[in-house]
Asker: 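The structure follows.
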Number of protein chains: 2
Amino acid sequence: MEVDTRTRILDIARDLITTQGYGSTSIAQIAEKLGTSKAALYYHFKSKEEILDAILAEPLAALSELTDKAAADQPGKHAEEVLAAMIDFVAGPCSCLAAFEKDPSVLHQWAQRNNLLDKEEILITSLVGPKPNTTKIIRARAALAVAKQGTSAALAMGDGELSTDARKEILAAAVRALG
Amino acid sequence: MEVDTRTRILDIARDLITTQGYGSTSIAQIAEKLGTSKAALYYHFKSKEEILDAILAEPLAALSELTDKAAADQPGKHAEEVLAAMIDFVAGPCSCLAAFEKDPSVLHQWAQRNNLLDKEEILITSLVGPKPNTTKIIRARAALAVAKQGTSAALAMGDGELSTDARKEILAAAVRALG
DNA sequence: GTCTATATAAAGATAGAC
DNA sequence: GTCTATCTTTATATAGAC
């Protein structure tokens, strides 16, 4: 079962961008790993930016679904579910968004165009609960950081797999951080 | 009281790299903000890399001091102090290291040369305590994430100042995450 | 769909005048 | 210390043959 070229390009690009960053990853590098010329690559994508868009399209949609759900509930009502959803997001096939959003060259361009910070804001609001104040916001951001960082740490230790035990542990730590 | 050119360059570069990333910040951009030519800039620094090194020299030394202290204690003994030290580090004049270490283009080059991940490892070890296991490591990374992310969130809300209340709150959240 | 070749722009860096 | 001018490399992207 052959994987089509478009998919291979995205896999290679995702890999390179994850380790080097978007700004420091060149079309030439991607083409080299692909085993073809740069021109061949431009047959499949009309720009470097389009490659980034293609990589992040599904992750963005998945995150949007998550934030839509979080926004529908009243703030603070289902904080634990939101944290669990974030853990599963980072552990799942859309994890690259969580990795890329730390890259300033992505943040500066793609993230602004796609309102990524707004979505983060929605998650925070849903964790904060009613009557927000500085303390609650700090705790909410702390909890979200635990969900993200804890999960990627667990994945690194578990060969890319998140055990149910680890998941439970991360969620508990995030809930504790939330106070 | 004039600020010397070298310092101005570092201030400008630190600013640009923070928002755009190292790989996406060019000498030309720095020179433009400086109000001089690129050649003038090369009189003060012989390469782009040297600018990065100069920016991070003090922060690296400060972090090393922190990890040396953490490594001297027996593991798990003074976890709260370590977390507090990390909060103050992120809130202090060396905060740019915490910002830069999220940039893959910095991680890929500078961080490897300077064993940044080793230093992170030392901090984790000092938080984990004796008889490490997966759970303890997850909790340690969670706590460290709270210290870092919580602090930068608090700084963003407080115009760059970390109030004593916020500091107490972040530390408490980190300790809770640690379990 | 892939190639070679090339256009075009931007990057890092240097030479030498002032 | 700063300038203009230039070198060299690398980047994104395209043209046109196969």
Side-chain angles (χ1 to χ4, degrees), chain A residues 1-57 100 103-114, chain B residues 1-57 100 103-114:
Chain A
M1 167 182 163
E2 290 287 311
V3 177
D4 71 8
T5 307
R6 194 190 146 90
T7 304
R8 282 186 57 221
I9 293 170
L10 293 180
D11 288 344
I12 292 166
R14 183 167 36 238
D15 205 54
L16 285 171
I17 294 172
T18 300
T19 58
Q20 302 178 345
Y22 174 70
S24 301
T25 298
S26 71
I27 298 292
Q29 277 179 307
I30 300 171
E32 194 189 10
K33 285 221 170 193
L34 186 64
T36 65
S37 66
K38 290 184 287 174
L41 214 154
Y42 275 100
Y43 170 81
H44 297 277
F45 296 94
K46 76 171 206 295
S47 71
K48 185 183 170 184
E49 210 176 284
E50 201 181 271
I51 295 176
L52 184 64
D53 285 342
I55 292 174
L56 292 177
F100 285 21
D103 182 345
S105 63
V106 172
L107 261 176
H108 203 62
Q109 301 170 42
W110 186 92
Q112 281 183 6
R113 260 188 305 145
N114 293 277
Chain B
M1 167 182 163
E2 289 286 312
V3 177
D4 71 11
T5 307
R6 193 188 147 90
T7 304
R8 284 186 57 222
I9 292 172
L10 293 180
D11 288 344
I12 291 168
R14 183 167 36 241
D15 205 55
L16 285 172
I17 294 172
T18 300
T19 59
Q20 301 178 346
Y22 175 70
S24 301
T25 298
S26 70
I27 298 290
Q29 276 179 307
I30 299 171
E32 194 189 10
K33 285 221 170 193
L34 186 64
T36 66
S37 65
K38 287 186 289 175
L41 215 153
Y42 276 99
Y43 170 82
H44 298 277
F45 296 93
K46 77 172 206 294
S47 70
K48 187 182 170 185
E49 211 175 284
E50 201 181 270
I51 295 177
L52 184 64
D53 286 340
I55 291 174
L56 293 177
F100 286 20
D103 182 346
S105 62
V106 173
L107 261 176
H108 203 63
Q109 300 170 42
W110 186 93
Q112 281 182 6
R113 260 188 304 142
N114 293 277

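A note on names: the letters A, B, ... follow the listed sequences, proteins ahead of strands, and every chain is numbered from 1.
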Asker: Suppose we screen for side-chain hydrogen bond (donor to acceptor under 3.5 Å, both in side chains). Which residues come up paired with Gln109(A), at least two apart in sequence or across chains?
Answerer: none

Asker: Going 5' to 3' along DNA chain D, between which two nucleotides do contacts with chain B fall, using a heavy-atom cut-off of 4.0 Å?
Answerer: dG1(D) to dT4(D)

Asker: Taking side-chain hydrogen bond (donor to acceptor under 3.5 Å, both in side chains) as the test, write out the residues that go with Arg14(B), two or more places apart.
Answerer: Asp11(B)

Asker: Is there a residue in residues 41-56 of chain A whose heavy atoms reach under 4.0 Å of DNA chain D, and which residues are they?
Answerer: Tyr42(A), Lys46(A), Ser47(A), Lys48(A)

Asker: When rounded to the nearest 0.5 angstrom, what is the spacing between NZ in Lys38(A) and CD1 in Ile27(A)?
Answerer: 9.0 Å

Asker: side-chain hydrogen bond (donor to acceptor under 3.5 Å, both in side chains) with Glu50(A): which residues, sequence neighbours excluded?
Answerer: Lys46(A)

Asker: Nearest 0.5 Å please: distance from the CD1 atom of Ile51(B) over to the CG atom of Leu41(B).
Answerer: 5.0 Å

Asker: Checking Asp53(A) now: which residues fulfil side-chain contact (heavy atoms from CB on, under 4.5 Å) with it, not counting sequence neighbours?
Answerer: Trp110(A), Arg113(A)

Asker: Taking all non-hydrogen atoms of both residues, which atom of Leu10(B) and which atom of Ile55(B) are closest, and how far apart?
Answerer: CD2-CG1, 3.7 Å

Asker: Listed in order of residue number, which residues of residues 22-39 of chain B have a non-hydrogen atom at under 4.0 Å from DNA chain C?
Answerer: Thr25(B), Ser26(B), Ile27(B), Lys38(B), Ala39(B)

Asker: Which residues pass the side-chain hydrogen bond (donor to acceptor under 3.5 Å, both in side chains) test with Gln112(B), not counting sequence neighbours?
Answerer: none

Asker: For Ala39(B), check side-chain contact (heavy atoms from CB on, under 4.5 Å) against everything at least two apart and list the hits.
Answerer: Ser37(B)

Asker: Measuring from atom CG of Asp103(B) to atom OG1 of Thr25(B), what distance do you get when rounded to the nearest 0.5 angstrom?
Answerer: 8.5 Å

Asker: Need the bend value for the helix from dG1(C)-dC18(D) to dC18(C)-dG1(D): angle between end axes, 5 pairs each end, nearest 10°.
Answerer: 0°

Asker: Would you tabulate the side-chain donor-acceptor contacts of residues 29-36 of chain A under 3.5 Å, counting partners in other chains and residues two or more places apart, or write 'none'?
Answerer:
unit_1	atom_1	unit_2	atom_2	d
Gln29(A)	OE1	Ser26(A)	N	3.1
Gln29(A)	NE2	Gln20(A)	OE1	3.3

Asker: Considering all heavy atoms of both residues, which atom of Ser47(B) and which atom of Tyr42(B) are nearest to each other, and what is their separation?
Answerer: CA-CE2, 4.1 Å

